[in-house]
Amino acid sequence: MEICLFHYRQSTAVAAANVNLWTGAGAMLPLVGAFVADSFLGRYRTIVVASVIYILALGLLTISAMLNCQSNISMQSCSPSQLQVILFFFSLYLIALSQGAHKPCIVAFGADQFDGQDSEESRSKSSFFNWWYFGLCAGPLSALLVLNYIQDNLSWALGFGIPCSSLAVALLVFLLGTKTYRYKVKDEEKFSVSNIGNLFAKGAKYRQFVPSSKSSEGVHATVNEARSKQYEFLNEALLEKDDLEKYKDVSEVCEFEELKSLKDLFPIWATSLAYAVVFAQTSTLFTEQGVTMDKSIGSGFVLPAASLQYLTGISIILFAPIYDRIFVPLARTITGRPSGITKLQRIGIGMVLCTASMIIAALVERKRLQIAQWNGLAGLPHATVPMSFWWLVPQYILFGIADVFTVVGLQELFYDQMPSELKTIGLSFFLSIFRIGSFLSSFLISSIERFTSTGSRVGGWFSSNLNLAHLDYFYWLLAGFSMVEFLAFLYHANSYAYNGQGRSTA
């Protein structure tokens, strides 16, 4: 998207901010889509409706590209019309709307195909998340490496039209499997999204614990002790003096215990935001670094700048099978856990790798600035710095490996630890980490640009002339944030209680 915005004559900081704002605009949309799926339409119907909207949005995006300078091959030599700009951004935000409903539902619907009560299928479900992320990167990577070339050298309309047609075919294939899917039957007796607030309010109303009756003792024998001690006010809602008989059913007690997981997951959610801020840079500032560098491979091929961000996807494609088929079995022999390591341990390892990636990025950017200065290119914003793009490979690769640990770990955690009726909501919370991280990234970039800009160096750290900018300072700042985030994550993870288990050993 950012390269496309560059063709719309937007500056470095504005383009990066717009990318982050567009990504962040969907922060609440997954929650809306998940609410609709879990409360009304169901996951299957929501997927179908969202896919249709997605196809419509991509079709409009194709039309917006066709409106631009129809006599020219590319968009590089003309300014877009007002109609095109409006249609372009309307299409993008329509895509954000469709993604908000599609993303949490499709993952939850896929995980629902495994029976959690069956030990073999339960292990397969854990593996499913690894291979889901593998497919999520392998599919777009194989297509977009070609599409970026088509957009840069042939036609932007064709570059947008191909994914529109592909999604239409994908929807048809999905519909063909309708009769073979497992569907979750909605139980009207279980709690829903609409009464979560009522349950918490009821728990807050009672401050005196009432363990006197035999019924209350039976209730507490069924609950998870670690979590019960954390949230006794919710237990009090179960044991209201004059209404205890209403909550004698063990399944209702389990629902209250599941409800507590909502509050347990919030610190994990909050301490993952710094990771999401770094995540946003792989498609923005990392790409801008590559634009200024030598991207030639051999003597006749120049790699499109936008293709550099897919180095992260390549590392995920290579490492995800290694993690699932080699790392997990080896870790399983040591820990005895079916998944090798706990979900929280997996997330924490990724956070450490993320910090290392930002340190490497800062060092590489400092080296690029030095080479630009040594060659007298500091005042030439469009000059190619004689430094190969291969210098960027380590930071992309390392962050890709971090994704396999943290992103997949978070996704599995927020699905597995949510109440059975709110799995889609859980995955929408997971997605909101990265949406809000984009908002925070945009806020940081805008604020730092405002405070570091001067009359003699417009743009400061994010000058449109990257040879005068200081992205290295920003990367060091993010590395510091990531380190603080990891320490906070360790603190909360140490006291986290998994559903049906005791305290975490993370």
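Worth saying up front: this structure is predicted, and the values here are computed from it rather than measured.
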Verify ring pair (Phe, Tyr, Trp, His ring centres under 6.0 Å) between Y473 and W476, making sure each step is shown before the conclusion.
CA-CA 5 Å; Y473 293 170; W476 281 117; 9.7 Å; no
Once rounded to the nearest 0.5 Å, what's the spacing between atom CG of L466 and atom CG of L377?
13.0 Å
Mind running side chain to side chain contact (heavy atoms under 4.5 Å, CB included) on R346 and T342 for me, showing each step along the way?
CA-CA 6 Å; R346 181 174 185 172; T342 68; over 6 Å; no
Are the aromatic ring centres of F40 and F35 under 6.0 angstrom apart?
yes
How long is the span from the OH atom in Y396 to the CG atom in L398, to the nearest 0.5 Å?
13.5 Å
I341 versus I349: any side-chain heavy-atom pair under 4.5 Å?
yes
Check D112 with K423, please: is the shortest side-chain N to carboxylate O separation under 4.0 Å?
no
Could you note down all residue pairs passing side-chain hydrogen bond (donor to acceptor under 3.5 Å, both in side chains) where residues 399-410 supplies at least one of them, sequence neighbours left out?
Y133-D403, Y275-D403
Quick check: do W461 and I445 have side-chain heavy atoms less than 4.5 Å from each other?
no
Mind checking whether Y323 and F405 have parallel, tilted or perpendicular rings, split at 30° and 60°?
perpendicular
Pair N465, S463 - check side-chain hydrogen bond (donor to acceptor under 3.5 Å, both in side chains), show working.
CA-CA 5 Å; N465 180 359; S463 172; 5.6 Å; no
For the residue pair G290 and L308, what are the closest heavy atoms and their distance?
CA-CD1, 3.3 Å
Given the side-chain rings of W269 and F266, with only the six-membered ring counted for Trp, is the space between their centroids under 6.0 Å?
yes
Short question: side chain of K295, backbone of M293 - any donor-acceptor pair under 3.5 Å?
yes
Student check: side-chain heavy atoms of E365 and Y475 closer than 4.5 Å
yes
With heavy-atom distances below 4.5 Å as the criterion, would you say the side chains of Q281 and S441 are in contact?
yes
Is the number of heavy atoms from other residues, nucleotides or ligands under 6.0 Å of Y181 OH greater than 12?
yes
Which heavy atom in L273 sits nearest to a heavy atom in E485, and how many Å separate them?
N-OE2, 3.9 Å
Do P386 and D294 have side chains that get closer than 4.5 Å, going by heavy atoms?
no
State the CG-CG distance between L410 and L427, to the nearest 0.5 angstrom.
11.0 Å
Is the closest side-chain heavy-atom distance between I47 and H102 below 4.5 Å?
yes
What's the separation between atom CD in E288 and atom CG in L285, rounded to the nearest 0.5 Å?
5.5 Å
Between R43 (side chain) and G110 (backbone), is there a donor-acceptor pair under 3.5 Å?
no
Answer yes or no: is there a side-chain heavy-atom contact under 4.5 Å between L265 and L413?
yes
Should the ring pair F129 and Y415 be called parallel, tilted or perpendicular, given that the plane angle runs from 0 to 90° and is split at 30 and 60?
tilted
Would you confirm whether S442, through its side chain, and F439, through its main-chain N or O, come within 3.5 Å as a donor-acceptor pair?
no
Distance flag, aromatic centroids of F429 and F414, threshold under 6.0 Å:
no
Does W132 form a side chain to side chain contact (heavy atoms under 4.5 Å, CB included) with I106? I'd like the steps, not just the answer.
CA-CA 10 Å; W132 170 266; I106 195 69; 3.6 Å; yes
How many angstroms lie between atom CZ of F90 and atom CG of L60, to the nearest 0.5 angstrom?
6.5 Å
Can Q99 and Y54 be said to form a side-chain hydrogen bond (donor to acceptor under 3.5 Å, both in side chains), step by step?
CA-CA 7 Å; Q99 286 182 342; Y54 211 152; 2.8 Å; yes
Just by distance, do the side chain of T282 and the backbone of V278 share a donor-acceptor pair under 3.5 Å?
no
So which heavy atom on C164 is nearest to which on I55, and how close?
SG-O, 3.5 Å
Donor-acceptor contact below 3.5 Å, side chain S357 vs main chain L353
no
Let me see the working for Q395 and Q289 under side-chain hydrogen bond (donor to acceptor under 3.5 Å, both in side chains), right down to the final yes or no.
CA-CA 12 Å; Q395 67 197 57; Q289 280 182 282; 3.2 Å; yes
Indicate yes or no: at least one non-hydrogen side-chain atom of L318 is less than 4.5 angstrom from one of I314.
yes
Tell me, with the steps shown, if Q411 and V407 meet side chain to side chain contact (heavy atoms under 4.5 Å, CB included).
CA-CA 6 Å; Q411 184 171 273; V407 175; 5.5 Å; no
Given V169, V173, L167, L175, the one that forms side-chain contact (heavy atoms from CB on, under 4.5 Å) with L171:
L175
Start with the C-alpha gap between F399 and C354, add the side-chain angles, then the distance that decides, and say whether side chain to side chain contact (heavy atoms under 4.5 Å, CB included) holds.
CA-CA 6 Å; F399 193 80; C354 172; 3.7 Å; yes
Using 0.5 Å steps for rounding, measure from the CZ atom of R368 to the CH2 atom of W391.
13.0 Å
Check whether any side-chain N or O of S166 sits under 3.5 Å from a backbone N or O of I162 as a donor-acceptor pair, and report yes or no.
yes
For G33 and C105, work out which heavy atoms get closest and say how close.
O-SG, 4.3 Å
L311 versus I397, closest heavy-atom pair with distance
O-CD1, 3.8 Å
Which heavy atom of F128 sits nearest a heavy atom of A111, and at what distance?
CE2-N, 3.6 Å
Please check if atom CZ in F443 has more than 12 non-hydrogen atoms from other residues, nucleotides or ligands closer than 6.0 Å.
no
Walk me through whether S127 and D324 qualify under side-chain hydrogen bond (donor to acceptor under 3.5 Å, both in side chains).
CA-CA 7 Å; S127 183; D324 191 76; 2.9 Å; yes
